[in-house]
Structure formats: structure tokens, C-alpha cells
Amino acid sequence: MAAVLRRLRRTATILAVAALLTGVAPGASGAVAAAAEVRPGDCVVAVPDGGECGVLTVPEYRAGGPGERTVELPYVLVRSENPTEPPLVFMNGGPGSGSVQLAGYFSHGLGLRASRDVVVLEQRGGARATPSLQCPGAAAAMADAFTTTEDPYDEFEPAAIAMRDCLDEFEAAGGDPRGYTVAETALDLRDLREALGYDSWTVYGLSWSTQVMAELARIDPAGVDAVVMDSFSAPDRDFAATAYEGLELSLDRLGERSGGDFPDPYADLLAAADLLDADPVAVDGHNPVTGEPVTFRLTGDDLVTFVHAGLYDVELLPVIPYLLDRLAGGHTGALRTLVDVGVDELTGHTLGQYWTMQCQDEVPYRRAGAGRASPLIEWLVADEVVCAELGLPAPPRPPAPVAFTQPALVLAGSEDPVTAAPVADAASAGLPSREFLEFAGVGHGVLLNSRCGRETIAAWLADPSRSVADVCDRSTPAYAVVGSGDLHPTSRLAQAALAADDGDWLAVALPAAFALLCLAWLAGWLAPVVVGRRRGAGGGSTLAAGLAPVAGTVFVLAVGGLLWTASNALPTQLVVGVPPAVPWLGLLLFAGPAGIVLTARRASARGRVLLLAAGLLWLAFAAWFLVVVVLPS
């Protein structure tokens with residue numbers, strides 16, 4: 001999943017002061033001489049064919065005056081062999097999400113290299129930048145906050161203190177937090193364009209970086225010919241309020257798509273949250289930052305937070321109504337998967353950079369008390385607690401609506417829980433040359449989650465002057481919502497698979513041993529049967545001996561085939577259940593004891609010992625199958 005949470009920024013205080021003194025608009029391209037340079041650099045990721053790696057060096061804070069230290073930002077440039085269109089530049093969202101790993105996605109995945117260069121730049125402060133604001137102590141404390149059942153505003157205090165320590169060390173080493181804003185990041189892109197010698201280019205922003213690209217289009221109008229804003233994060237909207245509204249809207253739309261099976265997933269979420277508040281559930285897991293095993297103790301606020309994170313994922317979206325219905329009924333087995341998704345999403349980006357930027361650009365303009373909704377989306381609480389601890393200066397004026405004149409393509413997922421489609425539509429409606437398109441069944445990030453979206457993007461980039469509303473079917477989701485009768489509800493099989501994925505192979509040792517037993521037994525039975533038929537031999541005893549291995553092998557292949565088919569159709573559905581036919585296949589397991597009894601009558605003493613061992617393993621697996629698969633959980 002995604003690294004999670006894509007945010008917003010604003011103009012740094014001192015840039016605004018400098019503008020007042022010099023008569024230049026904040027962030028204008030001539031405000032500060034940009035002593036930028038590019039040079040070849042080591043590739044920090046695998047690059048596609050035609051790719052070359054470099055480093056952009058720019059001032060850390062352009063209004064800092066002489067002697068201001070510089071930052072180094074890796075980039076990847078994939079050159080076209082036949083460049084007939086302007087280059088395209090991309091930066092990922094977050095803030096704090098890596099970018100350069102997606103160079104091949106644009107150049108080769110979208111086929112852009114055929115006609116244009118593709119440039120991808122890392123964010124200042126990111127994990128691959130120098131200096132980096134990774135702050136692993138703060139990220140580890142963020143994950144550990146979910147191991148207690150205290151008030152969330154208390155749970156995130158350790159993360160705030162760890163972040164304060166990290167920023168103190170950063171400043172002691174000469175770092176200037178004022179340089180980590182949307183405004184400075186936009187100037188990085190302007191400086192990169194000039195250093196690479198491009199007259200103009202097309203810019204692509206995703207989530208938080210849509211603000212960067214909108215600001216770049218405003219301050220460098222001659223250098224930007226068109227803008228793609230994917231999952232638009234509107235700088236002038238209350239981000240916390242939008243996140244809560246997006247959560248409810250996303251669940252409502254999923255309910256509408258469920259065909260009446262789950263009419264109100266949001267009500268199910270609130271009911272499940274009440275149950276967890278009354279009786280928190282312990283879930284074993286690990287801290288993704290430290291790797292240490294921990295026990296998460298989940299309350300209603302934790303559930304809401306992890307469901308919100310899960311709604312980013314286009315493959316998890318269709319399962320969430322089914323999951324919430326089960327949770328509202330008190331069945332908490334699938335929480336392990338939600339914890340894994342949620343904690344990884346919340347800590348999977350560069351949190352130090354994220355908070356340094358958020359606390360200057362966006363958090364000061366949240367509506368008072370928006371974080372104290374009930375129940376809470378807890379990463380919004382973490383933002384408030386951390387920013388209060390850091391005390392970074394607020395911007396001098398509220399962020400303004402986006403304002404540029406170049407052609408713009410605004411993309412939205414219909415079930416986006418954080419940059420909701422109606423908000424993105426309304427907040428970009430004032431752009432004079434804009435096309436807004438919504439994609440059904442998509443959460444956050446159209447580029448990464450919709451084939452139709454990618455086709456639409458490629459078509460628009462080829463000709464931004466024409467409408468691309470009908471390039472493909474935007475109204476049909478890639479995945480239907482999982483219905484109440486589509487699965488037999490069990491989460492224990494997924495738990496066993498997760499345990500094996502974590503290295504605990506004992507969790508699947510019994511089914512693996514049973515499958516090997518059936519296959520080996522079948523091979524051992526077939527050999528003499530084949531030989532016997534060739535000699536004209538045979539008999540009822542031989543056929544009886546084949547009852548168990550044939551039934552067992554058919555069971556293994558049938559169950560495996562159903563699970564494989566379900567996984568290929570929608571892998572996340574196996575988190576909450578299995579195809580309804582799977583439990584019924586357990587009837588084949590009754591053939592094992594019957595075949596063993598029939599065979600044992602005519603077996604030798606050694607054969608009876610082997611049959612006894614096989615029978616014990618068979619019965620053990622049958623009990624495992626009953627508990628793990630047949631019994632609802």
C-alpha cells in the first residue's frame with residue numbers, strides 16, 4: 001500500500017517578509033537568485049532503459065542570505081530517442097514519499113519515452129535527499145502509539161518528543177526548517193528545469209505534490225505548458241475536515257455499490273468502533289521501523305484510522321464493507337490485516353520531512369477542533385500534537401486557491417478518503433482551462449490504481465487541448481464490492497498465511513504435510529495399480545487402498561484451485577473469507593479414515609503402522625481445517 005497520507009503546504013514566513021521588502025510576490029521566480037547546479041550522480045534505484053541519474057544542488061532556504069547551506073536532491077532523467085513533445089516532470093506525494101522509483105512507470109509504462117523526456121525529482125528532506133529528515137525515532141514512536149489504549153492526544157506525545165529531538169539535531173547540524181515548504185519545493189523544480197536546459201515542460205503532481213505543481217505553474221508560467229493534478233490536495237481547504245468527510249463519503253459510495261448487502265458501512269464502522277472502545281482487542285504484530293514484535297491494542301479510534309488508511313488501496317476497497325459488517329457483529333479476526341496495512345501506511349514515508357512541512361504549510365489552517373471528531377482519525381491527532389511540540393512559525397496569510405492559466409487535467413478517485421472527489425472538483429473549478437474526471441472504484445492515486453486512468457493520462461498528455469472524458473469507461477470499477485454471499489467468513493486462513501510470511505512456517509506446517517502425504521500416497525498407490533493393470537491384475541483391495549490418496553489429492557487440488565482463482569480475481573478477499581465451496585470440499589476428508597480402515601484389514605504389520613501414522617496426520621489436518629476454515633471467524 002501505499003505509503004500514506006498526502007498533504008499540503010504554504011509560503012514560508014521569511015520569503016513573504018522578503019517579498020514585502022523587495023516588492024516581489026512571495027515565491028516569484030525572481031525573488032532569490034537560485035544558485036542551482038546539476039551533476040551526474042549514483043543511481044539510488046534501478047533505472048529504466050535510457051535513464052540517467054543526477055543530483056540537483058540548491059540552497060536549503062533561498063531567503064537565508066549568503067552562506068546558506070545547500071541540499072542535494074537525486075533525480076532520474078529518461079531521455080527520449082525522438083523528443084517531439086515537451087518533457088514531463090513528476091514528483092510523488094506525501095510529503096515524504098520517494099519519487100525516483102517511478103521513472104520507469106512514466107517513461108515506459110505510459111509510453112512517454114517515445115515522444116518526450118521524463119524527469120523525476122526527489123523531495124527535499126526525503127529519505128534519498130541530503131540532508132534527510134527521516135527521524136526513525138519519531139516513526140518508531142508513531143507505530144508504538146497503537147500499543148496502548150490511552151487518549152490519542154497522550155499516545156502521540158512520545159512521537160512528538162522524538163520529533164523535537166530529531167529537529168534539534170537537524171538544526172544543530174546547520175539545518176534550516178524554513179526551507180521545507182511547498183514554495184521552496186516548487187522553486188527546486190524551476191531550478192531543475194533551467195539547469196537541464198529545458199524551455200518548458202509538462203508537470204505531474206500526485207496528492208501533496210499537486211500543490212507543488214500548481215505553485216510551480218503560477219510562479220514559472222513560461223516554463224510550464226500543462227499541469228496534471230492527480231488526487232488534488234487543495235491548499236485552501238481544511239485538510240482535517242476533508243479527511244473526515246472523505247471517509248464517510250467513501251464508505252457511503254461503497255455501500256451504494258454493494259447492491260443492498262451492506263447499506264451503511266459507515267454505521268457499521270461506528271458500531272464496530274463502539275465495541276472496541278468497550279473491549280479493546282490485542283493483535284500481535286511488529287513495529288515496522290524497529291522490526292521488534294509488539295502487541296497492538298486496538299480501540300475504536302485505531303479502527304477508524306486503519307480503515308481510513310485501507311481505503312487508499314484499490315484492492316482493499318471492495319472488501320471493506322464486508323469486513324466492517326463482520327466487525328460490527330463482533331468478529332475481530334481480520335484486524336491483523338488492517339493493522340499491518342494501517343501501521344505500514346502511517347510509517348512508510350519520511351515522517352520527519354512530513355511533519356516539518358505540515359507544521360508550517362497546513363496544520364495551522366485546520367478548523368479548530370477538527371481533530372477531535374468522534375471517533376478520531378489518529379494521524380490527524382498526531383499532526384496536532386507534533387506541531388504543537390515543534391512550534392514552527394505559521395505562515396503570514398492563509399493559503400490561497402490554486403491560480404494558473406495553463407491547461408489542467410484534474411483526476412479523482414470516486415472513493416478517495418483523503419482528497420475527496422467533490423472537494424477536488426470544487427477547489428479546481430476556478431481554473432480557466434481545466435478538465436475534471438472522476439474514476440469509479442478508485443481510492444487515492446488514479447495513476448497507480450486505474451488502467452483507464454493511465455489511458456486517459458496518456459491521451460491527454462498527447463493533446464491537452466482536447467477532452468479525454470470518453471477515452472475509456474470511467475464508470476465501471478475494476479473490482480465489484482464483495483457481497484455478503486460471495487465468501488464463507490473466516491479470517492484464520494489469512495492469519496496463518498501472514499504468520500508464514502513473517503517466518504513462522506509452523507502456522508502452515510500441517511496443511512503442507514497433508515498435501516505432501518496425499519501426493520506421495522497417490523504416487524505410491526498408482527505405481528502398482530498401473531503395473532497390475534498391465535499384467536491383468538487388480539481387485540477390490542487395491543481400489544480401496546486408493547480411496548484415501550485419491551480423495552485427499554482431489555481435495556488439495558480443488559481447494560488450491562479455488563483459492564488461486566479467488567486470489568487472482570481479488571487477493572484481498574481472502575483476508576476475510578474463502579470461496580463458499582471450500583468448506584464443502586471438507587466432505588472429501590471423510591474418505592480418508594474409511595479408506596484407511598478398509599486397507600488396514602489386509603495390510604502387513606509394517607503397513608498398518610504406516611497407515612496409522614497417515615491416519616493420525618489425516619485426522620490432525622481435518623481438525624485444523626475444521627477450526628481454521630469451516631468455523632466462521
Task: Rounded distance [0.5 Å steps], OH in Tyr204 versus CD1 in Ile457 - done: 3.0 Å
TODO: Determine the interplanar angle of the Phe106 and Phe90 rings, folded into 0 to 90°, and report it as parallel if under 30°, tilted if 30 to 60°, perpendicular if over 60°.
DONE: tilted
Task: All salt bridge (Lys or Arg N to Asp or Glu O under 4.0 Å) counterparts of Arg128, not counting sequence neighbours - done: Glu122
Task: Distance (rounded to the nearest 0.5 Å) between Leu338 CG and Thr305 OG1 - done: 11.0 Å
TODO: Answer yes or no: is there a side-chain heavy-atom contact under 4.5 Å between Leu323 and Leu316?
DONE: no
Task: Check: Glu315/Thr572 side-chain N/O donor and acceptor closer than 3.5 Å - done: no
Open item on the list: Are Leu133 and Tyr180 packed together at the side-chain level, in the sense that at least one heavy-atom pair is separated by less than 4.5 angstrom?
Closed with: yes
- [ ] May I have the step-by-step check of side-chain contact (heavy atoms from CB on, under 4.5 Å) for Tyr312 and Val418, ending in yes or no?
- [x] CA-CA 8 Å; Tyr312 283 62; Val418 66; 3.4 Å; yes
- [ ] Starting from the C-alpha separation in whole Å, work towards a yes-or-no answer on side-chain contact (heavy atoms from CB on, under 4.5 Å) for Thr456 and Cys472.
- [x] CA-CA 7 Å; Thr456 300; Cys472 50; 3.5 Å; yes
Open item on the list: Any donor-acceptor pair under 3.5 Å linking the side-chain atoms of Asp144 with those of Thr147?
Closed with: no
Open item on the list: Testing the 3.5 Å rule here: is there a donor-acceptor pair between the side chains of Tyr322 and Gln573?
Closed with: no
Task: N/O donor-acceptor pair under 3.5 Å between Glu389 side chain and Val385 backbone - done: no
Open item on the list: To check you understand the geometry: which heavy-atom pair defines the closest contact between Cys452 and Arg474, and what is its length?
Closed with: SG-CG, 3.7 Å
Task: Within-4.5 Å side-chain heavy-atom neighbours: Leu189 and Val203 - done: no
Task: Gap separating the OG1 atom of Thr299 from the CG atom of Asp274, nearest 0.5 angstrom - done: 11.5 Å
Open item on the list: Strictly below 4.0 Å, N to O, side chains only: are Glu362 and Arg366 in salt-bridge contact?
Closed with: yes
TODO: Could you tell me which non-hydrogen atom of Ala129 sits nearest to which non-hydrogen atom of Leu73, and how far apart they are?
DONE: CB-CD2, 3.8 Å
- [ ] Apply the test side-chain hydrogen bond (donor to acceptor under 3.5 Å, both in side chains) to residues Tyr365 and Asp236: give CA-CA distance (whole Å), side-chain angles for both, the deciding distance (0.1 Å), then the verdict.
- [x] CA-CA 9 Å; Tyr365 291 105; Asp236 60 324; over 6 Å; no
Open item on the list: Suppose we screen for ring pair (Phe, Tyr, Trp, His ring centres under 6.0 Å). Which residues come up paired with Tyr75, at least two apart in sequence or across chains?
Closed with: none
Task: Contact list for residues 126-167, test disulfide (SG to SG under 2.5 Å), sequence neighbours left out - done: Cys135-Cys166
Open item on the list: Would the distance check show the side chain of Asp416 and the main-chain N or O of Ala421 forming a donor-acceptor pair, the cut-off being under 3.5 Å?
Closed with: no
Task: Stepwise side-chain contact (heavy atoms from CB on, under 4.5 Å) check, Val76 with Cys53 - done: CA-CA 5 Å; Val76 171; Cys53 302; 4.3 Å; yes
- [ ] Establish, yes or no, whether a centroid distance under 6.0 Å links the rings of Phe296 and Phe306.
- [x] no
Task: Any Val386 side-chain heavy atom under 4.5 Å of Leu351 side chain - done: no
Open item on the list: Between Ser250 and Leu247 (side chain of the first, backbone of the second, donor and acceptor by atom type, cut-off under 3.5 Å), is there such a pair?
Closed with: no
Open item on the list: When you measure from the side chain of Ser97 to the backbone of His349, do you find a donor-acceptor pair of N or O atoms at a distance under 3.5 Å?
Closed with: no
Open item on the list: Within the 4.5 Å heavy-atom criterion, are Leu448 and Tyr105 side-chain neighbours or not?
Closed with: yes
Open item on the list: Is it the case that the side chain of Asn449 and the backbone of His444 share a donor-acceptor pair, with hydrogens and angles ignored and the cut-off at 3.5 Å?
Closed with: yes
Task: Min side-chain heavy-atom separation Pro131-Val71 under 4.5 Å - done: yes
Open item on the list: Between Ser567 and Trp564 (side chain of the first, backbone of the second, donor and acceptor by atom type, cut-off under 3.5 Å), is there such a pair?
Closed with: no
Open item on the list: Run Thr181 and Gln360 through side-chain hydrogen bond (donor to acceptor under 3.5 Å, both in side chains) and show every step you take.
Closed with: CA-CA 7 Å; Thr181 62; Gln360 297 182 86; over 6 Å; no
Open item on the list: Testing the basics here: between Val314 and Gly441, what is the closest heavy-atom pair and its distance to 0.1 Å?
Closed with: CG2-O, 3.2 Å
- [ ] Output every pair passing salt bridge (Lys or Arg N to Asp or Glu O under 4.0 Å) with a member in residues 294-305, not counting sequence neighbours, ordered by first then second residue.
- [x] none
Task: Pairwise side-chain contact, Leu447 with Leu102, heavy-atom cut-off 4.5 Å (strictly under) - done: no
Task: Contact summary for Val446 and Ser231, nearest pair of heavy atoms - done: N-OG, 4.0 Å
Task: Given Gln211, Glu215, Met91, the one that forms side-chain contact (heavy atoms from CB on, under 4.5 Å) with Thr185 - done: Met91
Task: Ser99 (side chain) donor-acceptor with Val120 (main chain) under 3.5 angstrom - done: no
Task: Check: Met163 and Tyr354 side chains under 4.5 Å, non-hydrogen atoms - done: no
Open item on the list: Determine whether Val78 and Val47 satisfy the following criterion, side-chain contact (heavy atoms from CB on, under 4.5 Å), listing intermediate values before the conclusion.
Closed with: CA-CA 8 Å; Val78 184; Val47 298; over 6 Å; no
Task: Nearest atoms (heavy-atom pairs only) where Val575 meets Ala334 - done: O-CB, 4.0 Å
Task: Where Gly93 and Gln123 come nearest, the two heavy atoms and their spacing - done: O-NE2, 2.8 Å
Open item on the list: Working to the nearest 0.5 angstrom, can you tell me the gap between His308 NE2 and Glu248 CD?
Closed with: 11.5 Å
Open item on the list: Using 0.5 Å steps for rounding, measure from the CZ atom of Phe232 to the CZ atom of Arg237.
Closed with: 8.5 Å
TODO: Spell out, as yes or no, whether a donor-acceptor pair under 3.5 Å connects the side chain of Ser132 to the backbone of Gly126.
DONE: yes
TODO: Would you please name every residue forming a ring pair (Phe, Tyr, Trp, His ring centres under 6.0 Å) with Phe439, sequence neighbours left out?
DONE: none
Open item on the list: Any side-chain to backbone donor/acceptor pair from Asp277 onto Gly300? Under 3.5 Å, distance only.
Closed with: yes
Task: Spatial distance of atom CG (Asp261) from atom CG (Asp486) [nearest 0.5 Å] - done: 7.5 Å
Task: Partners passing salt bridge (Lys or Arg N to Asp or Glu O under 4.0 Å) against Arg257 (at least two apart in sequence or in another chain) - done: Glu415
Open item on the list: With a 3.5 Å distance limit and no angle check, can you tell me whether Asn287 reaches the backbone of Ala140 through a side-chain donor-acceptor pair?
Closed with: yes
